[in-house]
Amino acid sequence: MLTALTIARKEVAQRLRDKSFLIVGILSPLVLAFIFNLVLGDIVRPDPSLTFDFGVVDEDGAELGGAFGQMLAAAEADGLVTVTRYDTEAAATAAVDADEVAAAFILPDGLSAAVLVMNQDATIRVVGNVDSSIGRAVAEAMAGRFAEIVRTASLSVQAALAAGAITPDQIGAAVAAATAAEPVLAAATVEVRSRQLASATFFVAGLGIFFIFFIVGLSVTSLLEERTHGTLARLLAAPIRPASIVAGKTLASIGLGVLAMAILAIASTILMGAEWGNPAIAALVILAAVIAAAGIMIFVGGLARTAEQAQNLQTVVGLTLAMLGGTFVPITTSEGFLASVRYVTPNAWYMRGLGDASGGAYGGAFQAIGILLLFGIVFGGVGLLLVRRVVKP
Amino acid sequence: MASSIVLEATGLRKTFGQLQAVKDISIRIEQGETYGLLGPNGSGKTTTISMICGLLPADGGEVRIAGMPMTTTTLEPKKIVGLVPQDLAIYPDLTARENLTFFGRLYGIPSATLKSRVDEVLKVIGLLDRANDRSGTFSGGMKRRLNIGIGLIHGPSLLILDEPTVGVDPQSRNAILDSIERLAGAGIAVLYTTHYMEEAERLCDRVAIIDGGEIRAEGTQEELVRLVGENDRIRITGSGALATAAERLRTLPGIAGASAADDQLSVLTGDAGAVLSTVLQELTADGVAIASVSIEKPDLETVFLHVTGKALRD
Ligand SMILES: Nc1ncnc2c1ncn2[C@@H]1O[C@H](COP(=O)(O)OP(=O)(O)OP(=O)(O)O)[C@@H](O)[C@H]1O
Ligand SMILES: [Mg+2]
């Protein structure tokens, strides 16, 4: 253990001396985040004062159509949206295509009857403008939220009906009344924004985790380098166990990774007004993410024979994970291939953990921490087995 | 006195694929003794040393350090062995002092004495005034000296130096040889590999001539020279087809061996005076332009030529 610490200390001294830590771990993510935030910040985060222009086609013309219309009207009164009514779906679609509205809600004919009388599922469709992904996402979230409220309301109304508190012809009115009490847009906006960090924080965190992969990747590449430079033979000729060499390097990498992230968090808070939420939880998410990255990079590096090979492999993996994980550009869609595949990456869990930590959803944050640690343990465990064959002169 | 034997290697063997790099090598070194392994490139010096240091598992044979068996996994014997690898093995981003301190810690030198020990070694290798400079900024000779210093830091009983002067200017080389002589004088056992005959002659109490993974002759320099018999060596400098001339000379009566390297031709003979004119005639006939001729008494290079039939420097 003492030997591992001695080696870790040497490793840290080397990395701080050769500037790789400063450049890769701190400057690159910070400068890039600053630029990204300047250029892309407004696209990523809707301005809170922004209003969305929506269209609506009420082909239903019954209770639910009315309830939905009332809610839109309430949101409009709050200055959150503007609503234009269209008579036909074709007119609404044309307005969307012409960029007059960001999205349009289509309430199909017979919606109320299907849901309230026949107790069937039905859908409110959202026609979105491709150029307004945020507007479309908000509209989708609003429709989803409305469906949820209707579902809950109709359950309680069905119960009241079974108990004989109301008669069947009062169902529609009861549901509509229960529904109208719920603020849809507020809920919907929260829905869209939750699990998504403010833009400055998003970019620093996303670029930070991307570059951290390269900081922790050095645990294996430096081992391969020591082998080519002959210092590994020297270490192996000393009265120490090979495992301490690997342990020392891993320890140093994780320590430097956490240090880089901590500096990034503090610097971005001061310089860019980033918000990281509860510092203790955010720190745990960061530690777990660094351990996950270290595990994956040890595994990837362990497959290589030379330091150069290891670096190339690590770059490919680091980039792929960042892309898939939506670390560079936030993925706002809640559906689709990318949205589901991103959670195979530790990057996505890291961003989600931080998002939850900053939004106060600590349960979600701890779930992310657990999954990140699992990444680290599984990949790191296999990786260390692979690396054992490197620790030879 | 068995306890004074620091290194005892017996029957070491190592094969890489088809290549038998080391075939049955045995070495025994006593306290205070400097032992030289003299051999050309690829003769198996580094492979032998790697097995002695517990870096490379031997295919056969045994290594004992002060009586303790040495394998790749034993830690106890490694504590008293100091290795100076053939290729520079230092951390260029760390200063000389940091390099020495790091390895000192690995060898378990207590922190209380570590600093003074590092200073001592810095003095021995003449780097005290550059102690706090990054070793990457050092000259080649200074790096070599630091490379040696790291092998010394824990005060080993057996110091193993693998061609420590390769690529070093004559002045630095002299300084290095001086300090090794002092260390040997202080009582530590030294195993020194080289393909420079002069270094082996100057430093070593006993020399083994290694070629093709085997020890071809071993003993004190006197013993080795006696092996050659009364042979003289004719050394000729010149230009032309020296290699073919050497081949032809080897077939002549009265000539025990001949070899060519660069612009030099070495001829071994029982009586230089008797064959000199024949040799010169032969060379002229082969179109060799002769620049100088000298007759020398046998030295280690002559011994090498005698036991292996070829020159030490390819
Ligand atoms: N790891 C290895 N794998 C395959 N062959 C090897 C390996 N190490 C050494 N050899 C071969 O074993 C032979 C002896 O090599 P070694 O390094 O011991 O020679 P040496 O006497 O130290 O030479 P030099 O003076 O050039 O350092 C050489 O032919 C070399 O190519
Ligand atoms: Mg060698």
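- Screening B:L75, B:V81, B:T74 against B:P77 for a side-chain contact (heavy atoms from CB on, under 4.5 Å) leaves a single residue, B:T74.
- In this structure, chain A has heavy atoms under 4.5 Å from both the backbone and the side chain of B:I150.
- Your options are B:G54, B:G82, B:P85, and the one with the most heavy-atom pairs under 4.5 Å with chain A is B:P85.
- The closest donor-acceptor contact from the side chain of A:Q314 to the backbone of A:M297 lies under 3.5 Å.
- Within residues 89-121 of chain B, the residues having any heavy atom under 4.5 Å from a heavy atom of chain A are, by residue number, B:A89, B:I90, B:Y91, B:D93, B:L94, B:T95, B:E98, B:F102, B:F103, B:R105, B:L106, B:Y107.
- Looking only at atom types and distance, the side chain of B:E163 has no donor-acceptor partner in the side chain of B:T193 under 3.5 Å away.
- For the 3.5 Å distance criterion, the side chains of B:S135 and B:K143 fail to qualify, holding no donor opposite an acceptor.
- Residues of residues 4-12 of chain A having a heavy atom under 4.5 Å from any heavy atom of chain B, listed by number: A:T6, A:I7, A:R9, A:K10.
- No hydrogens or angles considered: a donor-acceptor pair under 3.5 Å links the side chains of A:T231 and A:E226.
- Between B:E199 and B:T194, the side chains place a donor N or O and an acceptor N or O closer than 3.5 Å (distance only, hydrogens not considered).
- Aromatic ring orientation, A:F375 versus A:F379: parallel (interplanar angle below 30°, classes split at 30° and 60°).
- Although no hydrogens or angles enter the test, the distance criterion places no donor-acceptor pair under 3.5 Å between the side chain of B:S172 and the main chain of B:V168.
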Would you give me the side-chain donor-acceptor pairs under 3.5 Å for residues 262-270 of chain A, sequence neighbours excluded?
from	atom 1	to	atom 2	distance (Å)
A:S268	OG	A:L264	O	2.8
A:S268	OG	A:A265	O	3.1
A:S268	OG	A:W276	NE1	3.2
A:T269	OG1	A:A265	O	2.6

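- Sequence neighbours left out, not one pair with a member in residues 297-310 of chain A passes side-chain hydrogen bond (donor to acceptor under 3.5 Å, both in side chains).
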